[in-house]
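Just below is one structure, and these are the notes that go with it.
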Protein chains: 2
Amino acid sequence: MRNGVPADNVRTERPARTGRRTLSRDDWARAALEAMRESGLGAIAVEPLAERLGTTKGSFYWHFKDRDALIHAALEMWVAESDAMMAAAARITDPAERGRWLTEFAFTGPQGADITTTLLVNSQHPVVGPFLERVTQERIAWGAALNEELGMPPEVARQHALTAWMMAVGIALVRRGAPQLLPQGDEADAYKRYVMELLRPPRAQA
Amino acid sequence: MRNGVPADNVRTERPARTGRRTLSRDDWARAALEAMRESGLGAIAVEPLAERLGTTKGSFYWHFKDRDALIHAALEMWVAESDAMMAAAARITDPAERGRWLTEFAFTGPQGADITTTLLVNSQHPVVGPFLERVTQERIAWGAALNEELGMPPEVARQHALTAWMMAVGIALVRRGAPQLLPQGDEADAYKRYVMELLRPPRAQA
DNA sequence: AGTTCTCCATACGCCACCGTACGGGAAGTC
DNA sequence: GACTTCCCGTACGGTGGCGTATGGAGAACT
């Protein structure tokens, strides 16, 4: 009789018990993702999250089998967000503009918008690994497609996409761990332009 | 009468008790650094390390005040290694060659030779923060000096050094978390050359 | 040979977190 | 208004790691 997993989307019906509303599975997943953004995978911990949500473990273990199930749900939510982002970016028709938009986002997007760095650090985790693998492949393929639009041959396009992605990873990690190193204020804009210039189509290639 | 901290270098004298030798403070620090290279800061844990060293906590708490003291010692050891590396690299007179050597090292140096990524992830830790700050500043300044030797004006040299350092951070993290993404075999060499080319002196700059 | 010092083993209490058992209150159902 | 179902509170046992207390074996000293 454990774990009803009550469709979870239909639950919009139930009016929540008087006074305090009742939590959904998604509420937990959202909170977990948020915690992971802020403090890494270790922050996905049942009891602390319960307190943060103003409830107890009792709620959690009704909605989820165990902690890994929560991590899974949080990452599914992240994948959905990531896909939505890529879809949004794809609506920019000019590929060069699209590239600039991505660079801009890497530097000034919301702090920890991307948990790729966290996932890379925890890539050994059995739940994390597959998610990381999938999203990363998608993103690099996406970047490669963009580069091909810019006129690069497929092989170079992929190399370049990989490089840009690694640069983004580096930026994200530095933003998280040593943000004071990044140029601030008006120097920030100049630096962004400089990086965009650097990530232009390669000049030479065998 | 706690914590003798017995000079620790003079202890080469004592012939070790018959049979099993006795551990030094440095043995602990070395093991801690090693563990951190492999599995991050969380792997610096007293009891697991004790088992790994074939001893018990009793040994540890004789040599160290607490876990943070061990982290400190491990990071001091890392700083020493880092300084030695930079000194070794500085012996390469041709700056371009020196740059290539560093890129080479970023890609094919021993796995986890650099724990910068780990420290960036744990930059909030009170012991980690200062070490990260110091070494990072040194390295970027070092790279900036190299770039000035290559003819860049100081401002650009620093920008470029920061960028190269972030790229190295990205590479290190990917090597740790998703090495399969990096080109393997003979493609690896081509890719390295391509990255070196990318990190050449910038073509344009305002 | 006795004493002192060095280094470690063991046992203990504490805390944080995981997962389970079980009970119970409130909403809906008949 | 009983009854069921949903959702949660609470208590419990287990695990892993931190730090302390204390004893004790061997080496070194005298």
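The chains referred to below are lettered A, B, ... by the order of the sequence lines, with proteins before strands, and numbering in each begins at 1. All values below come from the heavy atoms of this structure, side chains included, with hydrogens, waters and symmetry mates left out. Because the structure is a prediction, the values reported are computed rather than measured.
Of the listed nucleotides (D:dG17, D:dC8, C:dC8), D:dC8 has the atom at the smallest distance from the side chain of A:Leu23. For B:Thr56, the side-chain atoms get nearest to C:dA9 when compared with the rest of C:dC17, D:dC8, C:dA9. For A:Thr55, whose side chain is taken as the heavy atoms from C-beta onward, the closest listed nucleotide among C:dC7, C:dC18, D:dC8 is D:dC8. Closest to the B:Pro48 side chain, of the nucleotides C:dA9, D:dG17, C:dC18, is D:dG17.
B:Ser24 and B:Asp26 share no donor-acceptor pair across their side chains, judged by distance under 3.5 Å alone. Looking only at atom types and distance, the side chain of A:Trp165 has no donor-acceptor partner in the side chain of A:Thr136 under 3.5 Å away.
One interatomic measurement links the two molecules: CZ of B:Phe64 to C1' of C:dT6, which rounds to 16 Å at whole-angstrom precision. Distance CG (A:Leu49) to P (C:dA16): 16 Å, rounded to an integer number of Å. Atom CZ in B:Phe60 sits about 13 Å away from atom P in C:dC8, given to the nearest Å. One can place CG of B:Leu53 at 15 Å from C1' of C:dA9, the figure rounded to the nearest angstrom. Distance OH (A:Tyr61) to P (D:dG14): 16 Å, rounded to an integer number of Å. Separating the CG atom of B:Asp27 from the P atom of C:dC8 is a distance of 9 Å, rounded to the nearest angstrom. Atom pair A:Arg67:CZ and C:dA16:C1' shows a separation of 13 Å (rounding to whole Å applied). If you measure from atom CH2 of B:Trp62 to atom P of C:dC5, you get 12 Å, rounded to the nearest angstrom.
When the nearest nucleotides of DNA chain C are assigned to B:Trp28 and B:Glu47 by heavy-atom distance, the more 5′-ward of the two goes with B:Trp28.
Judged by distance alone, with hydrogens and angles left aside, the side-chain atoms of A:Arg158 form no donor-acceptor pair with the main-chain N or O of A:Ala144 at under 3.5 Å. A donor-acceptor pair is defined here as one N or O able to donate and one able to accept, closer than 3.5 Å; no such pair exists between the side chain of B:Arg37 and the backbone of B:Ile115.
Shown for residues 31-44 of chain A: no residue has heavy atoms falling under 4.0 angstrom of DNA chain D.
Checking the phosphate oxygens (OP1, OP2) of C:dA9, no side-chain nitrogen or oxygen of B:Ser59 falls inside 4.0 Å. The side chain of B:Thr22 places no N or O atom within less than 4.0 Å of a non-bridging phosphate oxygen (OP1 or OP2) of C:dT6. The side chain of B:His63 contributes no N or O atom lying less than 4.0 Å from OP1 or OP2 of C:dT6.
With a 6.0 Å radius and a threshold of 12 heavy atoms from other residues, nucleotides or ligands, B:Gln124 has its CD atom at or below the threshold.
Of the inter-residue distances, the one linking B:Leu102 atom CG with B:Phe105 atom CZ reads 9.0 Å to the nearest 0.5 angstrom.
Between A:Ala96 and A:Leu150, the shortest heavy-atom contact is N-CD2, 3.9 Å.
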